[in-house]
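Structure first, then comments.
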Amino acid sequence: MAKRVAVIGGGTSGLACIKCCLDEGLEPICFESSDDIGGLWRFKENPDPAQASIYQSLIINTSKEMMCYSDFPIPAHFPNYMHHSFIMDYFRVYAEHFQLMRHIRFQTKVLHVTPRPDFPHSGQWDVEIESKDGKREKEVFDAVMVCTGHHCHPHLPLQDFPGIDTFKGKFFHSREYKTPEEWRGKRVVVIGIGNSGGDIAVELGRMAKQVYLSTRKGSWILNRVGDNGFPSDMLRYRAYMWLYKLLPKFLMSMREKQVNRRFNHKLYGLQPAHRLFSQHPTVNDDLPNRILSGTVSVKPNVREFRGSSVVFEDGTVEDNIDLVVFCTGYTFSFPFLSSHLISVSKNKVSLYKYIYPPNLERPTLAVIGLIQPLGAITPISEIQARWATRVFKGLCKLPSMSAMLEDIEAKEEEMAQRYVATQRHTIQVDYIPYMDEIAKEMGVRPAMLKLLLTDPRLGLKVIFGPCTPYQFRLCGPGQWEGARQAILTQWNRVAQPLKTRSVSEQKSHRSSVSLVFSVSVVALFSALYYSRASLYTLISDPSVIPDKIRAYAPLPVPTK
């Protein structure tokens with residue numbers, strides 16, 4: 001009989017787990033407490049208290065080619081950065097294509113997950129569930145995959161804001177924010193400059209009379225639209241990551257200068273003390289425009305509330321505030337698991353590779369998707385699930401407990417050195433290094449040298465192109481025959497939704513100048529080859545290069 005696997009949660013990670021279990025011949029049963037799939041990405045005007053929730057206008061910060069499941073590209077006509085409704089459409093198409101829905105029990109809550117008495121031998125679990133009609137029962141499973149995410153419980157630190165009990169307006173956590181219309185013409189304070197804080201401040205800035213965006217530390221603001229209008233996350237290549245390892249400080253400084261060229265963070269009151277990527281960055285293309293137009297004003301941390309007034313730490317006071325939105329993040333927990341299995345304290349949890357509790361006699365419990373990536377979470381959850389299912393089957397082995405604890409400690413030290421110390425930065429991972437780390441464990445990391453030798457065209461695109469999830473289906477277990485074609489056509493899918501108006505090709509003057517310059521440089525070095533005596537002069541005095549080029553192939557003179 002196939003091993004039975006309990007999957008807790010039917011969102012991004014849960015769907016991947018069901019699919020990966022089926023790929024490995026396991027029998028998944030997914031327990032979803034709501035009446036539909038999608039998890040965080042399913043918008044509800046009035047969400048259930050225990051469910052994650054989003055606002056109506058939410059658009060994802062990772063582009064479609066970077067965030068898709070690795071063997072199922074997002075439809076080419078979908079926008080590159082998708083509204084949550086498109087994400088739900090993708091999930092439904094994915095679930096239908098792989099026939100996942102039949103394995104989900106909706107409106108079923110998991111109450112307790114406990115190891116069976118013979119767990120050291122069997123690795124089995126008792127899972128107690130409650131159906132929508134209140135009926136409780138226990139079932140036995142050979143393995144458990146926890147996919148409840150980290151947007152579980154709103155973090156509302158009211159104790160840090162003296163006088164909040166005297167505030168005469170309305171306040172709530174960003175989880176409760178849905179649409180801006182109610183706040184037309186009002187005065188609003190948004191506390192927190194994460195992605196939710198930035199989005200809500202921008203949206204309210206179009207409706208409210210005035211929005212004050214309060215931040216303790218400031219933030220680097222990145223944008224979705226990258227060079228030449230391409231999705232910015234598709235412009236970070238493996239080659240760049242390798243170069244960054246060699247020249248981290250230089251490249252970090254260059255990137256910070258590039259970000260500041262878009263708008264000066266110090267001038268806009270957003271400059272943080274920490275380096276870029278030492279805190280989870282805020283992705284927002286519209287915030288600088290809202291600040292520049294005055295509809296959003298950046299303020300320091302709130303010191304206290306006095307009735308309808310808000311006092312900031314720089315001593316300034318804003319009166320007649322109607323609304324305060326706390327964009328102060330979330331905490332996570334596992335109420336159905338005993339603390340001796342997985343202990344959580346201030347969003348810190350000890351898991352090997354952010355997946356496995358290191359203290360179990362049998363590796364049959366895996367936490368999937370409990371990461372905050374600098375990149376897309378969907379392919380990370382999927383590759384975690386691919387590895388976990390093979391561990392369940394005994395095809396991949398975990399190291400000893402001591403080795404796992406050593407790895408956990410090393411990651412904690414690395415995180416402490418890199419990130420600002422907050423509960424936001426406890427489960428951070430970088431997309432490419434982490435994907436490669438897990439891929440290596442299960443033998444699906446692309447072999448770069450082999451690719452370059454056997455398929456140079458593909459190899460160059462893997463190294464000098466976006467690290468799309470298809471790369472992890474090129475070889476090894478779970479290899480997908482469509483992976484190569486998906487990589488070769490990925491830019492076509494980026495372009496397709498943008499081609500809503502045909503534009504005739506025009507020969508640019510810059511292109512012709514560049515061509516002539518290139519020919520000139522070739523002519524120069526060809527001449528130097530036959531006149532090697534000039535080479536020493538060229539190296540010792542680079543200023544002669546333009547004259548040498550003009551001598552062999554005069555450059556065109558720009559006309560007014």
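Note that the structure is a prediction, hence the values are computed from the model and not measured. All values below come from the heavy atoms of this structure, side chains included, with hydrogens, waters and symmetry mates left out.
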(request) Could you list the residues that satisfy side chain to side chain contact (heavy atoms under 4.5 Å, CB included) with Gln210, not counting sequence neighbours? (result) Arg187, Tyr212, Ser297

(message) Can you list everything that forms a side-chain hydrogen bond (donor to acceptor under 3.5 Å, both in side chains) with Thr215? Sequence neighbours excluded, please.
(response) none

(message) Is the shortest side-chain heavy-atom distance between Asp126 and Val140 below 4.5 Å?
(response) yes

(request) Looking only at non-hydrogen atoms, find the nearest pair between Ile191 and Phe326 and report the distance. (result) CD1-CE2, 3.6 Å

(message) If you define the side chain from C-beta out and look only at heavy atoms, does anything of Asn347 sit under 4.5 Å from Ile427?
(response) no

(request) Would you mind reporting whether Glu182 and Tyr177 have side-chain heavy atoms less than 4.5 Å apart? (result) no

(request) Kindly compute the distance separating CD (Gln428) from CD (Gln372), expressed to the nearest 0.5 Å. (result) 5.0 Å

(request) Enumerate the residue pairs fulfilling ring-ring contact (aromatic ring centres under 6.0 Å, His included) with a member in residues 289-317, sequence neighbours excluded, ordered by first and then second residue. (result) Phe167-Phe305

(request) Compare all side-chain heavy atoms of Gln56 with those of His84 and state whether any distance is below 4.5 angstrom. (result) yes

(request) List in chain and number order the residues that pass side chain to side chain contact (heavy atoms under 4.5 Å, CB included) with Pro115, two or more places apart in sequence or in another chain; answer none if no residue qualifies. (result) Phe119, Trp125, Leu341

(message) Under 3.5 Å, is there a donor on one side chain and an acceptor on the other for Gln258 and Arg255?
(response) yes

(request) Ignoring hydrogens and angles, tell me if any N or O in the side chain of His150 forms a donor-acceptor pair with the backbone of Ile371 under 3.5 Å. (result) yes

(message) Checking side-chain polar atoms at under 3.5 Å, does Thr295 have a donor or acceptor matched by the opposite partner on Arg290?
(response) yes

(message) Test: side chain to side chain donor-acceptor pair (under 3.5 Å). Region: residues 301-312. Which pairs qualify, not counting sequence neighbours?
(response) Asn301-Glu313, Glu304-Arg306, Ser309-Asp319

(request) Identify, with sequence neighbours excluded, every residue that meets side-chain hydrogen bond (donor to acceptor under 3.5 Å, both in side chains) alongside Asp199. (result) Tyr55, Asn284

(message) Can you tell me if Lys109 has over 12 outside heavy atoms packed within less than 6.0 Å of its NZ?
(response) no

(message) For Gln159, I'd like to know if atom CD has over 12 heavy atoms of other residues, nucleotides or ligands within 6.0 Å.
(response) yes

(message) Quick check: do Arg175 and Ser53 have side-chain heavy atoms less than 4.5 Å from each other?
(response) yes

(request) Could you list the residues that satisfy side chain to side chain contact (heavy atoms under 4.5 Å, CB included) with Pro497, not counting sequence neighbours? (result) Lys64, Asn80

(request) Could you tell me which residues satisfy salt bridge (charged side-chain N to carboxylate O under 4.0 Å, His left out) with Arg105, sequence neighbours excluded, listed by chain and number? (result) Glu139

(request) Count the heavy atoms belonging to other residues, nucleotides or ligands that lie under 6.0 Å from CD of Glu406, then report whether that count exceeds 12. (result) no

(message) On a heavy-atom basis, which atom in Gln384 and which in Val367 lie closest, and how many Å separate them?
(response) OE1-O, 4.3 Å

(message) Tell me whether the count of non-hydrogen atoms from other residues, nucleotides or ligands lying under 6.0 Å of NZ in Lys168 goes above 12.
(response) no

(message) Could you tell me if the side chain of Leu111 sits less than 4.5 Å from the side chain of Lys138, heavy atoms only?
(response) no

(message) Strictly below 4.0 Å, N to O, side chains only: are Lys170 and Glu176 in salt-bridge contact?
(response) no

(request) Would you kindly say whether Ser219 and Thr282 are connected by a side-chain donor-acceptor distance under 3.5 Å? (result) yes

(message) Would you say the ring centers of Tyr94 and Tyr69 fall short of 6.0 Å from each other?
(response) yes

(request) Before accepting this row, confirm whether a basic side-chain N of the pair Lys178/Glu45 lies closer than 4.0 Å to the acidic partner's carboxylate O. (result) no

(request) Could you check whether the rings of His265 and Trp220 sit parallel, tilted or perpendicular, using 30° and 60° as the cut-offs? (result) tilted

(message) When you compare the side chains of Ser63 and Asp233, does any donor N or O come within less than 3.5 Å of an acceptor on the partner?
(response) yes

(message) Given 3.5 Å as the limit, does a donor-acceptor pair link the side chain of Ser343 with the main chain of His340, or not?
(response) no

(request) With rounding to the nearest 0.5 Å, note down the distance linking CG in Leu58 to CD1 in Ile200. (result) 9.5 Å

(message) So which atom in Leu40 and which in His151 form the shortest heavy-atom distance, rounded to 0.1 Å?
(response) CD2-ND1, 3.9 Å

(message) Run the salt bridge (charged side-chain N to carboxylate O under 4.0 Å, His left out) test against Asp133 and tell me which residues pass, sequence neighbours left out.
(response) none

(request) Examine distances only and state if a side-chain atom of Asp314 and a backbone atom of Pro300 form a donor-acceptor pair shorter than 3.5 Å. (result) no

(request) Of all the heavy-atom pairs spanning Ser13 and Ser381, show the shortest one and how long it is. (result) OG-OG, 2.8 Å

(message) Nearest 0.5 Å, please: how far is OG1 in Thr378 from CE in Met67?
(response) 4.0 Å

(message) Classify the ring geometry of His173 against Tyr330: parallel below 30°, tilted from 30° to 60°, perpendicular beyond 60°.
(response) perpendicular

(request) Determine, stepwise, if the pair Ile355 / Ile368 fulfils side-chain contact (heavy atoms from CB on, under 4.5 Å). (result) CA-CA 6 Å; Ile355 303 173; Ile368 305 298; 4.2 Å; yes

(request) Using the test salt bridge (charged side-chain N to carboxylate O under 4.0 Å, His left out), find all partners of Arg362 that sit at least two apart in sequence or belong to another chain. (result) none

(request) For Asn61, enumerate each residue passing the side chain to side chain contact (heavy atoms under 4.5 Å, CB included) test, keeping only those at least two apart in sequence or located in another chain. (result) Asn195, Arg224, Val283

(request) Determine, for Arg206 against Asp286, whether the closest basic-nitrogen to carboxylate-oxygen distance falls under 4.0 angstrom. (result) yes

(request) Grab the two heavy atoms, one from Gly369 and one from Ile377, that are nearest each other, plus how far apart they are. (result) O-CD1, 3.7 Å

(message) So for atom NZ, which belongs to Lys299, do other residues, nucleotides or ligands contribute more than 12 heavy atoms lying within a distance under 6.0 Å?
(response) yes

(request) Please identify each residue that fulfils salt bridge (charged side-chain N to carboxylate O under 4.0 Å, His left out) with Lys266, with sequence neighbours left out. (result) none

(message) How close do Ser57 and Glu203 get, counting heavy atoms only, and between which atoms?
(response) OG-OE2, 2.6 Å

